[in-house]
Each structure stands twice: as structure tokens, then as C-alpha cells.
Amino acid sequence: MEDTIDIRHLSQPGLVVLDITAADEQTAITLMDGLQRLWATSGITPVRVDPALPGFRARVHADIRRRSPAG
């Protein structure tokens, strides 16, 4: 996962970057699926494992001003 957050992802109120850490890959995917049902997000992104850190990690970009078309 890239550590740098690009300014365009936070250029306006309502835009967020969420770093997710979960006990297992399925939990991370389930959370990302739930988020994309609520808001416009970057969707289900790749889940990564860093052997030096606990858990499974993912990053999601969301626009909480816009409701999901699926929701």
C-alpha cells in the first residue's frame, strides 16, 4: 500500500482516505463492500499483508457527500 495520500483525494470537504486494518482478508473485503454501499468509493481495493505489521491492510477513497448508486 502506498503511504502517500495525494492532495486531490482530500481537496474538498467530504472527501476521505480510509486506511483499513483487519484480522483477516475477508473482514477487510466485507468492510469495503459495506462502505461502497453507503457512499461513492474507490470500491474493493487490493488487500495487502506486510510481514512486519499485524493484520491485513487496504486503503479506500470515499466521497461521503455522494450516496452510493447501489444504496
Side-chain angles (χ1 to χ4, degrees):
M1 177 171 63
E2 185 181 321
D3 288 335
T4 305
I5 297 174
D6 192 303
I7 190 65
R8 71 176 175 235
H9 296 128
L10 301 173
S11 62
Q12 300 173 34
L15 301 180
V16 298
V17 177
L18 304 166
D19 285 325
I20 298 165
T21 303
D24 58 83
E25 183 175 12
Q26 188 56 49
T27 299
I29 291 170
T30 299
L31 176 65
M32 288 186 281
D33 183 50
L35 291 171
Q36 75 178 354
R37 292 173 188 265
L38 292 173
W39 301 302
T41 74
S42 54
I44 296 175
T45 61
V47 177
R48 305 197 192 305
V49 175
D50 181 340
L53 299 171
F56 292 74
R57 300 171 184 283
R59 177 172 282 173
V60 175
H61 300 96
D63 183 344
I64 63 170
R65 302 167 301 179
R66 296 185 329 165
R67 302 296 291 171
S68 168

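Residue numbers count from 1 along this sequence.
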Notebook entry, point to check: Do L18 and L38 sit in the same hydrophobic cluster, where Ile, Leu, Val, Met, Phe, Trp and Tyr count as joined when their side-chain heavy atoms come under 4.5 Å apart?
Noted result: yes
Note to self: As an exercise, state the distance from CD1 of I20 to CZ of R48, rounded to the nearest 0.5 Å.
What the structure shows: 12.5 Å
Check: Do you know which two heavy atoms are closest between T41 and A62, and how far apart they sit?
Finding: CG2-CB, 3.9 Å
Notebook entry, point to check: Are I44 and V16 joined in one hydrophobic group, where the rule is that I, L, V, M, F, W and Y side chains link up if heavy atoms are under 4.5 Å apart?
Noted result: yes
Check: Taking only residues two or more places apart in sequence, or in another chain, which ones meet Q26 in a side-chain hydrogen bond (donor to acceptor under 3.5 Å, both in side chains)?
Finding: T30
Checklist line | Straight-line distance of R66 CZ to L15 CG, nearest 0.5 Å | finding: 9.0 Å
Check: Do side-chain atoms of T45 reach the backbone of A58 as a donor and acceptor pair under 3.5 angstrom?
Finding: no
Next item on the list: Treat each ILVMFWY residue as a node, draw an edge where side-chain heavy atoms are under 4.5 Å apart, and state whether I29 and W39 are in one component.
Entry: yes
Next item on the list: Considering non-hydrogen atoms only, spot the tightest contact between V60 and G43 and give its length.
Entry: CG2-O, 4.2 Å
Next item on the list: Please step through side-chain contact (heavy atoms from CB on, under 4.5 Å) for the pair V17 and R59, ending with a clear verdict.
Entry: CA-CA 7 Å; V17 177; R59 177 172 282 173; 3.6 Å; yes
Note to self: Please give me the minimum heavy-atom distance between V47 and F56, naming the atom from each residue.
What the structure shows: CG1-CB, 3.7 Å
Checklist line | Other residues, nucleotides, ligands: >12 heavy atoms within 6.0 Å of R65 CZ | finding: yes
